[in-house]
Amino acid sequence: MATHHLTPLHRAALEVVAAHAGVPLDTLKVDVPPNPSMGDLAVACHPIAKATKQNPMAIAKAIADAFVPTDLLASATAAGPFVNFRANRPALLRWVIEQALGNTLVPAVGTGKTICIDYSSPNISKELAFHHIRSTGIGHALAQIFRALDYQVVGINHLGDWGTTHGMLIAAYQQWGKEDKIDLAQLDIAQLNELYVRWRDHTNPLKHEAAGKWMAAIVAGGDAAEVARAALAKEVERCALATNVARDWFKKLEHGDPEARALWDRFRAVSWAEFEGVYDKLGITFELVRGESAYEPDLADVMAELRAKQLVETSEGAQVVWLPDQKVPVIVEKSDGASTYATRDFASAKYRHATYQFDRSIYVVDRGQALHFSQVFGMLEKAGYAWAKQCEHVTFGLVRMGGKKTSTRGGAGVMLKAVLAEAKARALAKMAEADSPAAQLPLVNGVPLAEQVGIGAVLTVVVAMVTGTESFSVVKALQLTGLVACIVGLKLVH
RNA sequence: GCGCCCAUAGUUCAGUGGAUAGAACACUCGCCUUCUAAGCGAGUAGUCGCAGGUUCGAUUCCUGCUGGGCGCACCA
């Protein structure tokens with residue numbers, strides 16, 4: 001047990017037991033008794049019993065009998081193999097108040113250390129879906145905690161603004177933009193999102209209107225099956241061609257094609273304006289907003305480096321890196337020569353280390369990305385960077401609403417804006433219904449109280465649910481009881 | 001098929017190598033001079049998935065099994 005973070009009270013209890021038994025401090029630990037009436041702190045004597053081959057109950061009794069009150073400890077009693085201590089309340093309270101006033105209640109364990117935290121990192125050109133609040137909220141909470149511990153925190157928003165997805169958007173705009181009379185000057189994120197979803201459907205053979213009939217016919221067999229099979233094959237081929245069109249657009253973008261670049265710039269600006277509004281509402285901030293595209297100039301160097309270190313092989317036309325104990329290699333360059341996000345994350349990790357000399361670099365990303373991050377960290381290690389061990393992937397599970405996933409891939413996403421609006425509306429209704437005096441308070445920091453309460457509740461619940469199969473509902477979040485109510489209350493005070 | 005994660009109260013989730021495993025919601029009862037709601041108080045609630053192992057002691061650590069989630073090369 002790390003003894004350097006102990007409060008004087010904990011240390012005092014440990015010292016009493018350790019001194020009497022003649023064992024080092026760090027072999028013992030302090031617990032809280034199951035019942036407050038038993039005492040404030042408990043030290044178990046089992047480790048001493050093990051070391052000295054004595055009866056733990058006898059040891060505890062001997063220590064309690066020999067106890068002499070100290071500045072901080074008022075009494076000691078033996079309870080089975082435990083020594084239970086009661087604190088000297090006035091002395092303890094004085095200590096707590098002094099620490100609180102001096103703002104030293106939280107140990108400054110991070111002084112002089114830098115920590116990079118990658119969170120939120122949404123994809124440009126898609127609306128912020130509800131699930132984005134997980135990474136955003138957890139990352140921001142971690143950042144605040146590390147700041148309180150006196151770390152220098154670099155909150156990073158690694159925008160997904162590069163890659164084939166953006167080729168898809170350009171392709172979709174080329175395909176439908178004109179006929180739909182999409183005005184680039186008036187473009188909004190909903191339209192971009194729609195283009196994206198439409199393109200994904202456009203390149204998915206199973207989304208063809210006749211796909212259901214074909215599948216049925218194939219299952220039924222006979223001559224009709226042959227016809228259906230041919231039609232499906234044709235559709236698959238068309239989708240493959242369309243997919244290549246998107247890949248080509250991304251390649252053009254990577255090579256600086258002016259038309260591709262201009263569209264991408266516009267899509268990016270529209271998206272960022274939208275994101276900023278939401279972050280503002282949530283009270284989320286970043287030290288660095290740097291998209292994947294910013295690493296594009298580094299990619300050639302990364303490839304050269306990986307090749308120089310003889311890590312790259314050609315496999316099925318793509319450039320790949322094999323990692324130990326992995327059945328599938330990491331693709332660092334696609335067969336058409338375009339980059340992948342593994343390469344870009346490799347470059348961004350190097351950038352972060354070069355720029356901030358971080359002691360830790362944390363990525364707050366859902367656990368579906370676990371393989372990806374283990375690959376990126378693995379490549380860094382294989383490339384000889386010792387600091388790869390200081391990189392960590394902080395995972396969390398998917399958010400479910402009503403038992404369903406909230407992914408945007410299929411276009412059935414739940415929008416973050418909608419959830420926040422609902423939270424606000426419900427908070428407002430709740431206040432009015434309870435005839436609460438709070439409803440009379442018009443603004444807190446210029447924002448309607450209901451909005452603060454609603455957002456606070458949603459953020460708190462979303463950050464609190466870290467493991468397992470989460471299920472979220474706004475109604476639940478707004479059951480302002482217990483912990484949630486306390487935290488929301490604190491948020492309002494600040 | 002392979003890999004990673006998870007399994008605790010009716011539900012959603014905490015938690016720990018040690019003493020009686022917790023909270024919220026739900027449910028039941030009571031209080032707030034009438035009813036309802038909100039509020040407050042109390043109560044009921046558990047084979048800690050199953051089976052072995054390590055240990056003085058396992059819900060916690062290890063192995064196997066079962067059940068669920070996610071991921072497995074040119075999306076990010």
Side-chain angles (χ1 to χ4, degrees), chain A residues 29 31-35 38-39 42-47 49-50 53 55-57 60 78-82 84 121-126 158-169 196 199-200 203-204 243-244 246-247 250 291-292 313-322 325-345 365-375 393 395-398 400 403 405 407-409 430-436 461 464-473 475-486:
Chain A
K29 62 180 272 200
D31 287 309
V32 177
N35 187 326
M38 299 169 80
V43 179
C45 296
H46 304 90
K50 194 166 197 172
K53 309 260 183 239
N55 182 338
M57 297 206 234
F82 294 86
N84 292 335
S121 305
N123 279 343
I124 286 293
S125 305
K126 287 195 239 170
H158 184 69
L159 291 176
D161 64 356
W162 209 240
T164 310
T165 303
H166 305 281
M168 291 183 204
L169 269 153
Y196 173 77
W199 183 264
R200 286 210 67 103
T203 54
N204 181 352
T243 301
N244 280 334
R247 290 204 183 114
F250 175 56
E292 287 186 273
E313 286 174 36
T314 303
S315 170
E316 295 174 33
Q319 301 300 300
V320 304
V321 173
W322 283 95
D325 304 321
Q326 300 263 348
K327 304 225 159 124
V328 180
V330 188
I331 294 185
V332 289
E333 194 179 283
K334 298 190 286 184
S335 46
D336 66 359
S339 66
T340 72
Y341 81 139
T343 327
R344 296 191 286 274
D345 274 358
V365 184
D366 80 89
R367 63 170 78 104
Q369 305 285 326
L371 179 61
H372 166 67
F373 283 106
S374 78
Q375 287 175 336
H393 178 200
T395 63
F396 53 85
L398 291 168
R400 280 155 194 283
K405 283 206 263 180
S407 118
T408 42
R409 279 283 160 78
K430 194 148 195 159
M431 286 167 164
E433 159 198 307
D435 198 18
S436 159
V461 169
M465 312 184 303
V466 177
T467 57
T469 49
E470 299 80 8
S471 194
F472 175 87
S473 84
V475 178
K476 256 190 193 169
L478 281 170
Q479 284 164 346
L480 293 176
T481 52
L483 180 67
V484 174
C486 286

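Only this structure's heavy atoms are used, side chains among them; waters, hydrogens and symmetry mates stay out. Reminder, nothing fancy here: chain letters follow the sequence lines and each chain counts from 1. Predicted model only: the values in this text are computed from it and were never measured.
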From C-beta outward on [X], which listed nucleotide comes closest to its side chain: [options]?
X        : options            : result
A:Pro329 : B:A73, B:A76, B:C2 : B:A73
A:Val328 : B:C5, B:C72, B:A76 : B:C72
A:Phe82  : B:A19, B:A73, B:C5 : B:A19
A:Leu371 : B:G71, B:A76, B:C2 : B:G71

Taken to the nearest 0.5 Å, the spacing of A:His393 NE2 from A:Gln369 CD works out to 6.5 Å

Could you work out the separation of [N] and [M] based on their [atom1] atoms and round it to a whole Å?
N     : M     : atom1 : answer
B:U20 : B:U36 : P     : 42 Å
B:U28 : B:A37 : P     : 11 Å
B:A7  : B:U44 : P     : 27 Å

With a non-hydrogen cut-off below 4.0 angstrom, is [X] in contact with a base, only sugar-phosphate, or nothing?
X        : value
A:Glu316 : base
A:Gln326 : nothing
A:Asp345 : nothing
A:Gly368 : sugar-phosphate
A:Ser374 : nothing
A:Ala42  : base
A:Ser335 : base
A:Gly160 : nothing
A:Ala370 : nothing

Map A:Asp336 and A:Ala79 onto RNA chain B by nearest heavy atom, then report which one ends up closer to the 5' terminus.
->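 The 5'-side residue here is A:Ala79.
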
A:Tyr196 vs A:His166, ring-ring contact (aromatic ring centres under 6.0 Å, His included): CA-CA, chis, key distance, verdict = CA-CA 9 Å; A:Tyr196 173 77; A:His166 305 281; 8.9 Å; no

Go through the N and O atoms of the side chain of A:Gln369 and the base of B:A76, and report whether any donor-acceptor pair is under 3.5 Å.
->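 Yes.
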
Can you find a donor-acceptor N/O pair under 3.5 angstrom joining the side chain of A:Ser315 to the base of B:A73?
-> yes

Closest non-hydrogen atom pair, A:Cys45 against A:Pro56 |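 Nearest heavy atoms, A:Cys45 then A:Pro56: CB-O, 3.8 Å.
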
Taking the side chain from A:Thr164 and the backbone from A:Arg247, do they hold a donor-acceptor pair closer than 3.5 Å?
-> no

Side chains of A:Thr314 and A:Gln319, donor plus acceptor under 3.5 Å = yes

